[in-house]
Every structure is written in structure tokens, then in C-alpha cells.
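Notes for the one structure printed next.
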Amino acid sequence: MTSRMAARRWAVLCAMAAAAALSGCASIDESLFGDSRGGQSEATASSSEPGTMPAEGSEASTSASESAAPSAPASSSMAGTMPAPVASAPIMSAGGGSTITPVPIEAGSNTGTAVSNTVAGLRSDLQGLENRIVANSQQLADLRNANLQSSTAYHEAKAQITTRLQIGTTRGNPELVSQWNTAQSALDQLTTNINALNSLGTQIADGSSRAHYLLNQIQATRNVSGAVDEDHRQLSVLEDETDQTNVLIDRLMTEVSDTVQRQTSYVANERSNLTTLASAIKNGELYGSELGSEMLPATGPAGGGAPSGAPLVTIRFDRASVDYQQILYTSLAQALQSRPSASFDIVGVSPTRGTASAVQQAQTNARRRSQDVMRSMMDMGVPANRIGLSATTDPSAGSVEIRVYVR
């Protein structure tokens with residue numbers, strides 16, 4: 001009898017623990033991934049903490065919490081939604097931005113004076129400005145969310161390309177070309193969003209000008225005769241609200257400016273990396289990071305004297321197809337690691353043996369090969385102003401050679 005009661009108590013406890021665990025899992029899912037209606041992370045912050053379980057044997061508390069859930073108001077607002085007349089709910093800027101909490105505008109009473117009518121008009125203008133701030137803040141959050149999606153799509157496509165190139169693939173693989181086009185489209189969308197952010201910054205700047213104009217109007221209204229004490233009290237409140245609104249506008253302008261600078265630098269860098277990746281797809285092998293990112297600003301134009309010393313790399317074109325890109329990339333990367341400000345000279349060397357026609361043909365071939373090597377270096381990220389081209393002959397050369405020197 002005792003063992004049967006113990007088994008029954010154990011079954012009851014297991015059922016309660018399972019119910020509590022299921023409730024905790026639901027809360028964890030909502031806090032990590034959001035609810036099925038697409039609510040933002042702030043909406044789940046006000047719910048019960050995930051993983052909270054009732055005390056053992058407290059069936060009343062479990063049923064009470066289950067019955068309390070349906071009684072929550074159906075119109076509970078998500079983070080970022082604003083009532084139409086008065087902006088009072090905070091908007092969380094996406095992408096790590098600060099919280100923008102609109103200033104609540106106090107409703108004043110009509111004192112029956114002409115100044116009271118002026119105050120009401122100023123209050124209406126300030127309320128309209130607050131609504132514009134709410135709209136601008138929401139637009140910034142939407143653009144940041146769009147940037148997040150485009151960046152995710154870009155890096156997914158880039159990772160797939162890099163993985164395929166890392167294990168080896170065919171030259172000009174059409175699947176990788178398609179993924180490269182996807183990455184390019186994602187960067188184009190980021191550029192479009194940057195233009196939208198610039199336009200948003202202009203709108204916010206207009207709002208800032210409007211706020212300062214309202215502040216001047218409020219201060220000027222104090223000097224209008226025919227006002228009662230209540231009118232001046234409302235003007236003081238309105239002035240404080242306008243000052244707070246200016247703070248919000250300045251914060252929003254800073255958010256937009258920082259986002260534009262960060263995204264512009266990011267897109268410019270990734271476009272260079274994408275150019276290097278295109279060259280890698282064409283040759284079917286992974287080079288590495290874009291070489292231009294390892295360079296310091298140029299101190300002078302390329303050229304200005306014949307190269308001296310041993311060449312960094314020598315490419316001999318003694319057969320129809322010479323696979324030199326990986327060796328060239330590795331040599332350039334090592335040179336830039338030790339001298340980030342280095343420039344390079346490409347010298348096309350042609351042999352002098354044979355007939356005059358053969359020598360002329362070799363010189364033409366050397367110039368063409370030099371231009372091919374230069375394009376490969378530019379695809380790898382070396383700026384054109386860091387590369388010099390020249391040609392020479394060498395009686396000891398058995399075939400056309402391209403020698404790359406470091407300056």
C-alpha cells in the first residue's frame with residue numbers, strides 16, 4: 001500500500017514537472033525567436049521569465065498562471081508601435097541603436113485669451129513634430145532591419161562560394177557565378193538603403209530646424225501682452241517639451257550619421273572583396289582576402305626608374321596555359337605583410353633568339369602577358385597606381401617571362 005501511494009505521488013510530480021518544463025520551453029522560444037506574430041524582443045521582455053517553475057506540489061499556482069494568460073489584453077502593443085494622437089511608447093532602434101522615447105505633450109486648457117490660442121497652435125505644431133520623430137525613428141529601425149537581412153544574404157552567398165573554392169571546383173563554375181550574383185544583389189540593396197538613410201538624415205535635419213523655430217516662437221510669445229499666469233505656465237511646459245524634443249532629434253541624427261558611415265565603409269570594403277572573389281571563381285581556386293585592404297596609402301605614383309634586385313616572382317610562359325595566379329597572390333601577400341606601402345613593377349622580358357620576325361612576335365607576346373598579369377593583380381586588390389609596366393629583352397631567356405619586382 002505504501003509503495004502504491006509513493007508511485008502515485010511520483011507520477012503526479014512527474015506530470016507537474018513536465019507541464020512546468022513545457023511552459024518554460026515556450027517562454028524560452030519566445031525570448032529567443034519572438035512570437036509567431038513577429039513581435040520584437042522588447043515585447044517578450046515583459047512576459048514571465050523563461051524557465052520559472054512553481055514549487056513542488058503547488059498545483060494552485062500552476063492553474064492560476066495558466067488562467068491568467070488568456071486574460072491578458074488582446075491589444076497589448078508591441079515594441080515600436082505608437083498611439084496615433086500622442087507619442088508615448090518607446091521605439092527601439094534596430095542593430096544596437098539606443099531607445100527613442102517620444103516626449104509626452106501635456107494638454108493645456110483654454111484660458112480664453114489670444115495668447116492661449118497661440119499656445120494651442122504651438123502645441124499642435126510640436127505634436128506634429130513628435131509624430132514625425134516617431135515616423136523617422138521607425139524608418140531607421142526598418143532600414144536597419146533591411147540592412148541586417150541584406151548582410152545576412154550576402155555573407156551566406158559569400159560563405160558558400162568560399163567553401164566551394166576552398167575544396168576545389170571548376171573554372172567559372174556557373175553555380176558559383178549565380179551565388180556571386182546573389183551576393184552582388186545584396187550589396188546593391190545595401191547601397192540603396194544607404195541612399196535612403198541619407199534621405200532620412202535630411203528629413204531629421206529639417207525637423208531639427210523646425211524644433212528650433214518653435215523654440216524661438218515660444219520665447220517670443222512670452223513677450224506678447226494680454227496673457228494670464230496660466231498661459232505663461234503652459235508656455236514654460238511647452239518650452240521644456242521642445243527642449244527635450246531637440247535632444248531626441250539630435251540623438252536620432254547621430255544614429256543615422258553613424259549608421260551611414262558604418263554601412264558605407266562596409267559596402268566599399270566588401271565590393272573590393274567581391275571583385276577578388278570573382279577572379280577566384282574565374283580561376284576555380286581561392287586566393288584569400290583582398291590585397292588592397294593590407295596596403296597603406298600610396299606615397300607616390302608607380303614607376304620612376306628601372307627595377308633593381310631580384311624579382312619577387314618570375315612567371316615563364318613556356319607553354320600555352322600557365323597557372324600562375326595562386327603563386328602570384330601568395331608572393332604579393334607576403335610582400336605586403338612586410339611592407340604595406342609597397343608598389344610593384346611588372347617587366348615583360350622577351351628573348352632575342354631567332355629571326356627578326358620571331359623577336360618582334362616575342363615582344364608583342366611579352367606586352368600582352370604583362371597586361372594579363374597586371375589585370376590579375378588588380379583583381380586581387382592591388383590598386384592600379386601601385387603597378388608599373390615596362391618591357392625589356394634578355395638574350396638568356398628561353399621564352400617570354402614576366403618578372404614582378406617590389407618597390
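For the single chain, residues carry numbers from 1 onward in sequence order. Hydrogens, waters and symmetry mates play no part in the numbers below; they use all other heavy atoms, side chains included.
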Electrostatic pair [X]-[Y], nearest N-O below 4.0 angstrom:
X	Y	result
R233	E106	yes
E401	R369	no
D188	R271	yes
D372	R367	no
R210	D125	yes

For a 4.5 angstrom cut-off between non-hydrogen side-chain atoms, does [X] reach [Y]?
X	Y	result
P395	R353	no
N198	I194	yes
Y266	L190	yes
R316	V322	no
N193	Q263	no
L187	T191	no
V313	I327	yes
P311	T314	yes

Quiz question: by atom type and distance under 3.5 Å, do the side chains of [X] and [Y] form a donor-acceptor pair?
X	Y	answer
R222	S236	yes
Q203	R132	no
Q244	D240	no
Q363	T393	no
Q160	E156	no

Residues, nucleotides or ligands: over 12 heavy atoms within 6.0 Å of [X] [atom1]:
X	atom1	value
E175	CD	no
D229	CG	no
H155	NE2	yes

Where is the tightest heavy-atom contact between [X] and [Y], given as atom of each residue plus distance?
X	Y	answer
L129	A211	CD2-CB, 3.5 Å
L238	V119	CD2-O, 4.0 Å
M378	A384	CE-CB, 3.9 Å

How long is the span from the [atom1] atom in [X] to the [atom2] atom in [Y], to the nearest 0.5 Å?
X	Y	atom1	atom2	result
L252	N136	CG	CG	6.0 Å
L277	L176	CG	CG	8.5 Å
E241	Q234	CD	CD	10.0 Å
I346	Q371	CD1	CD	10.0 Å

Within the side chain of [X], is there an N or O that forms a donor-acceptor pair under 3.5 Å with the backbone of [Y]?
X	Y	value
S124	A120	no
H232	V228	no
T163	A159	yes
T162	K158	yes
W180	T275	no
N269	S265	no
S208	I204	no
T152	L148	yes

Step-by-step side-chain hydrogen bond (donor to acceptor under 3.5 Å, both in side chains) determination, Q149 to N145: CA-CA 6 Å; Q149 295 174 4; N145 285 329; over 6 Å; no
Going through the checks in order, is the side-chain hydrogen bond (donor to acceptor under 3.5 Å, both in side chains) test met by R144 and N147? CA-CA 5 Å; R144 279 176 163 169; N147 285 345; over 6 Å; no
Let me see the working for I133 and I249 under side-chain contact (heavy atoms from CB on, under 4.5 Å), right down to the final yes or no. CA-CA 7 Å; I133 294 174; I249 293 176; 3.5 Å; yes
Aromatic rings Y324 and F317: how do their planes relate, parallel, tilted or perpendicular, breaks at 30° and 60°?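 If you compare the ring of Y324 with that of F317, the planes turn out perpendicular.
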